[in-house]
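Counting starts at 1 for both ligands and their atoms, following the listed order.
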Amino acid sequence: MIVALAGGVGGAKLAHGLALSIPPEDLTVVINTADDFRLYGLYISPDIDTVMYTLAGIANPQTGWGVQGDTTNALEMIARYGRDTWFLIGDRDLATHVLRTELLSSGRTITQVTSELATALGVRSKLLPMCNEPVSTTIFATDGRVLEFQEYFVRYRHEPEVARVEFAGIDRAQATQEVLAAIRSAEFIVFCPSNPFVSIGPILNVRGIRGAIDASSAPKVAVSPIVGGSAIKGPAADMMRSMGFEVSPLGIAKYYRGIVNGIVIDNIDADLEENVRSLGLSVLVTNTIMNTVEDRQRLARELLAF
Ligand code: FO1
Ligand code: CA
């Protein structure tokens with residue numbers, strides 16, 4: 001069993017590469033749910049959906065999130081009612097939010113709901129939300145604003161400078177039996193190239209998960225989401241800077257030191273290899289940019305060999 005910890009787009013791409021390189025049933029993806037939120041009364045779980053659509057082969061290839069070929073009729077109608085439509089929900093994507101919300105209100109856990117939806121879409125790997133309790137990433141901006149993660153990220157295009165991040169509800173969150181069993185049986189644990197603070201961070205902060213990872217004797221490898229001094233996607237670089245971290249794969253290595261045994265950095269950052277190695281980590285230097293499905297699979301295969 002391989003366990004991959006993942007956030008949204010970057011995590012989904014590598015998880016897809018892994019699912020194509022091993023029997024897909026042998027992959028479990030533990031997914032961040034701290035960016036989940038409610039909109040128009042619907043429960044939206046962006047990182048679960050991004051991983052689910054990607055592994056189902058129906059993700060929008062331009063954005064990495066949302067459904068390929070989706071239309072926006074429902075959202076246009078919502079706009080006609082005078083409502084703000086800053087979060088682009090496609091018509092097909094909307095169906096997922098409607099059913100998830102219905103299944104959750106019938107008393108099922110997010111773990112059960114995710115399993116039902118993913119199975120229906122033909123996903124054979126196991127997709128596990130990091131926990132069943134609600135956790136909500138709250139961004140405290142340096143200008144005093146307090147924002148939900150999607151508001152910060154999408155509505156305000158991750159422009160506000162981040163002073164502090166809080167995972168509201170994390171104290172009540174507990175690792176599920178499914179997540180603990182997956183980590184215990186893992187032969188390899190991959191930290192996908194997702195934002196270490198707001199995607200992997202919440203997962204590691206769920207009670208029981210960090211302990212289970214530490215107790216595992218499986219090799220643990222992180223793929224750096226920072227390539228050549230900037231984030232492949234999203235605000236990881238700005239966040240690292242404003243929180244006093246070095247914006248480089250070395251900064252990522254320092255963040256994950258003590259948790260992982262190895263790190264994968266991009267060819268562009270090859271000059272940092274020795275510095276990272278001197279932290280006591282094994283290093284794989286390769287092309288980490290995943291533009292095509294072949295890239296995902298190649299990186300996954302190199303990771304498995306490493
Ligand atoms: N990201 C955007 O930048 N703009 C959007 O309008 C947007 C809509 C959206 C709808 C459904 C979904 O599952 C994801 C969506 N995302 C959107 C992606 C997303 O929420 C972020 O990329 C991640 O949360 C950051 O990791
Ligand atoms: Ca996310």
Side-chain angles (χ1 to χ4, degrees), residues 4-15 29-40 42-56 58-76 78-79 83-101 110 113-114 117-118 121 123 127 129-130 135-139 147-160 162 165 167 191-205 223 225-226 231-240 290:
L5 311 183
V9 176
K13 286 181 177 175
L14 183 57
V29 191
V30 177
I31 307 168
N32 171 44
T33 53
D35 354 324
D36 294 9
F37 71 122
R38 280 187 177 273
L39 191 62
Y40 316 129
L42 302 174
Y43 185 96
I44 303 182
S45 198
D47 288 353
I48 290 178
D49 289 345
T50 299
V51 174
M52 182 169 79
Y53 297 152
T54 302
L55 267 61
I58 61 168
N60 178 329
Q62 269 84 43
T63 55
W65 47 265
V67 178
Q68 177 161 34
D70 214 348
T71 49
T72 54
N73 296 299
L75 209 64
E76 283 157 30
I78 287 174
R83 300 288 297 271
D84 213 326
T85 52
W86 53 273
F87 195 73
L88 295 180
I89 300 173
D91 297 328
R92 289 167 195 258
D93 189 30
L94 182 69
T96 307
H97 311 317
V98 168
L99 292 182
R100 171 181 291 117
T101 306
I110 186 80
V113 173
T114 303
L117 297 176
L121 292 183
V123 175
L127 307 190
M130 65 183 196
V135 177
S136 176
T137 299
T138 310
I139 303 286
L147 305 168
E148 272 190 337
F149 185 76
Q150 296 299 328
E151 266 193 300
Y152 155 74
F153 190 95
V154 177
R155 188 175 205 169
Y156 300 112
R157 301 185 175 81
H158 49 82
E159 282 162 2
V162 179
V165 175
F167 306 125
F191 294 62
C192 289
S194 299
N195 186 312
F197 300 110
V198 293
S199 296
I200 306 296
I203 301 176
L204 295 176
N205 276 290
V223 178
I226 300 286
I232 296 171
K233 181 184 177 296
D238 295 338
M239 278 190 169
M240 287 180 79
M290 293 177 279

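The ligand atoms of ligand 1 that sit less than 4.0 angstrom from a heavy atom of Asp93 are 10 (C), 11 (C).
No side-chain heavy atom of Val162 sits less than 4.5 Å from a side-chain heavy atom of Phe197. Tyr40 places a side-chain heavy atom less than 4.5 Å from the side chain of Ile89. Considering only heavy atoms from C-beta on, Arg38 comes within 4.5 Å of Thr101 through its side chain. Counting heavy atoms from C-beta on, the side chains of Leu42 and Leu94 come closer than 4.5 Å. Counting only heavy atoms from C-beta outward, the side chains of Phe149 and Ile139 approach each other to under 4.5 Å. Using a 4.5 Å heavy-atom cutoff, the side chains of Pro160 and Tyr152 are in contact.
Among residues two or more places apart in sequence or in another chain, the salt bridge (Lys or Arg N to Asp or Glu O under 4.0 Å) test is passed with Asp47 by none. Applying the side-chain hydrogen bond (donor to acceptor under 3.5 Å, both in side chains) test to Asn205 and every residue at least two apart in sequence or in another chain returns nothing.
By the 3.5 Å distance cut-off applied to N or O atoms, Leu88 is counted among the residues near ligand 1. For a threshold of 3.5 Å applied to N or O pairs, the pair formed by Asp35 and ligand 1 contains at least one separation below that value. At least one N/O-N/O distance between Gln150 and ligand 1 falls below 3.5 Å.
If you look at Asp47 next to ligand 1, the close heavy atoms, those under 4.0 Å, all belong to the side chain. Looking at Asn195 against ligand 1, nothing comes within 4.0 Å, counting heavy atoms.
Val154 counts as a contact of ligand 1, since one of its heavy atoms falls under 4.0 Å from the ligand.
Listed by chain and number, Asp35 OD2, Asp47 OD1, Asp47 OD2 are the protein N/O/S atoms closer than 3.0 Å to the Ca ion (ligand 2), with waters left out.
The aromatic rings of Phe87 and Phe37 sit perpendicular, their planes meeting at an angle over 60°, well past the 30° parallel limit.
Counting only residues at least two apart or on different chains, the salt bridge (Lys or Arg N to Asp or Glu O under 4.0 Å) pairs with a member in residues 147-158 are Asp84-Arg155, Glu151-Arg155.
Closest heavy-atom approach to atom 13 (O) of ligand 1 within the set Pro46, Ser45, Gly66: this belongs to Pro46.
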